[in-house]
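First the structure, in the form of structure tokens, and then the observations on it.
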Amino acid sequence: MNERNDYTGNTEIMLDNIGMTYKTDDNKDVTALTSVSLDIQKGEFISLLGPSGCGKTTLLRIIADLLTPTQGTITVGGETPRAARLAQRYGIVFQSAVLYDWRTVKKNVMLPLEIMHIPKAEREERAEKMLELVGLSDFANHYPNQLSGGMQQRVGIARALAIRPEILLMDEPFSALDEFTREKLHIDLLKIWRKTNKTIVFVTHNIQESVFLSDRVCVLSPHPGRLSAVVDIDLPRLRTMELKNTPEFTALVAKVRGSFEGV
């Protein structure tokens with residue numbers, strides 16, 4: 001029997017009628033998001049998919065408490081996003097790994113733990129475990145400029161996981177990588193997800209990437225940004241590259257592509 005993800009079905013993140021309107025320099029209103037409602041379950045892998053300008057990164061930043069919506073409400077485990085952030089419930093991975101060149105790989109992973117005043121012995125233990133998880137134990141004493149782009153992103157993932165978050169937020173983390181490296185990191189990320197059982201919200205503009213990784217693909221269409229479809233990805237776990245050659249995968253890619261509105 002094909003193994004499937006066993007997320008619990010308990011709601012982790014609730015977005016209710018979320019909207020976001022900005023003021024331009026000439027005092028005009030620009031609506032980035034409008035009327036987005038979505039429930040994300042604990043342990044689920046969700047992709048926010050859409051073209052540039054559809055508001056997917058804005059929505060991720062609202063979840064992360066980096067932006068405050070101008071409309072609607074959001075709860076994270078029954079708390080406000082601010083309470084969730086202060087409780088260290090989020091780990092965030094950006095498009096660039098944003099590593100400090102003068103710190104070793106291990107010390108880059110330990111940095112948020114230092115800020116949290118975690119005792120040194122525990123910092124080192126956590127960093128070592130996370131580097132083992134992402135397959136970089138042998139590179140703990142290297143510096144970022146000695147690593148490939150894919151390896152640097154794995155360090156970023158290890159650093160995000162070191163604080164032991166419940167939710168991993170990822171903003172197009174593989175978009176700058178070549179296709180071969182990206183496919184390798186897809187498999188690595190799914191293995192990490194299976195081992196840690198985190199809730200993952202993953203922003204991407206790549207349709208195949210979203211279908212391969214996710215339990216559900218949330219399609220955002222622009223002008224203004226809105227949730228135009230939520231597509232269940234009924235594919236077996238664990239996923240391999242061979243899955244991309246199946247009629248089922250191709251059909252889901254076509255279904256997601258056909259769900260965009262007004263692009």
* Determine, step by step, whether Leu185 and Asp188 satisfy the side-chain contact (heavy atoms from CB on, under 4.5 Å) criterion, reporting the C-alpha distance in whole Å, the side-chain angles of both residues, the deciding distance to 0.1 Å, and the verdict. => CA-CA 5 Å; Leu185 287 177; Asp188 290 343; 3.7 Å; yes

* Asked: Does Thr204 use its side chain to pair, donor to acceptor, with the backbone of Asn206 at less than 3.5 Å?
  -> yes

* With sequence neighbours left out, what residues match His205 under ring pair (Phe, Tyr, Trp, His ring centres under 6.0 Å)? -> none

* **Side chain to side chain, Phe45 and Ile233, heavy atoms closer than 4.5 Å** => no

* **Ring-face cation of Lys244 near Phe212 (centre distance under 6.0 Å, axis angle within 45°)** => yes

* Arg159 and Met130: side-chain contact (heavy atoms from CB on, under 4.5 Å), yes or no, with the steps? -> CA-CA 8 Å; Arg159 182 178 58 194; Met130 291 305 100; over 6 Å; no

* **Donor-acceptor contact below 3.5 Å, side chain Thr34 vs main chain Arg226** => no

With a cut-off of 3.5 Å and sequence neighbours excluded, list every side-chain donor-acceptor pair involving residues 113-122.
from, atom 1, to, atom 2, distance (Å)
Glu114, OE1, Arg103, NH2, 3.3
Glu114, OE2, Arg103, NH2, 2.6
Glu122, OE2, Arg126, NE, 3.2
Glu122, OE2, Arg126, NH2, 2.8

* To do: Of all the heavy-atom pairs spanning Phe260 and Leu220, show the shortest one and how long it is.
  => CE2-O, 3.8 Å

* Leu15/Leu227 under side-chain contact (heavy atoms from CB on, under 4.5 Å): CA gap, chis, key distance, verdict -> CA-CA 11 Å; Leu15 303 167; Leu227 186 61; over 6 Å; no

* State whether Lys129 and Glu132 are salt-bridged, where the test is any N-O pair (Lys NZ or Arg NE/NH1/NH2 against Asp/Glu carboxylate O) under 4.0 Å. => no

* Measure the shortest side-chain to side-chain distance between Thr196 and Leu133 over non-hydrogen atoms and say whether it is less than 4.5 angstrom. => yes

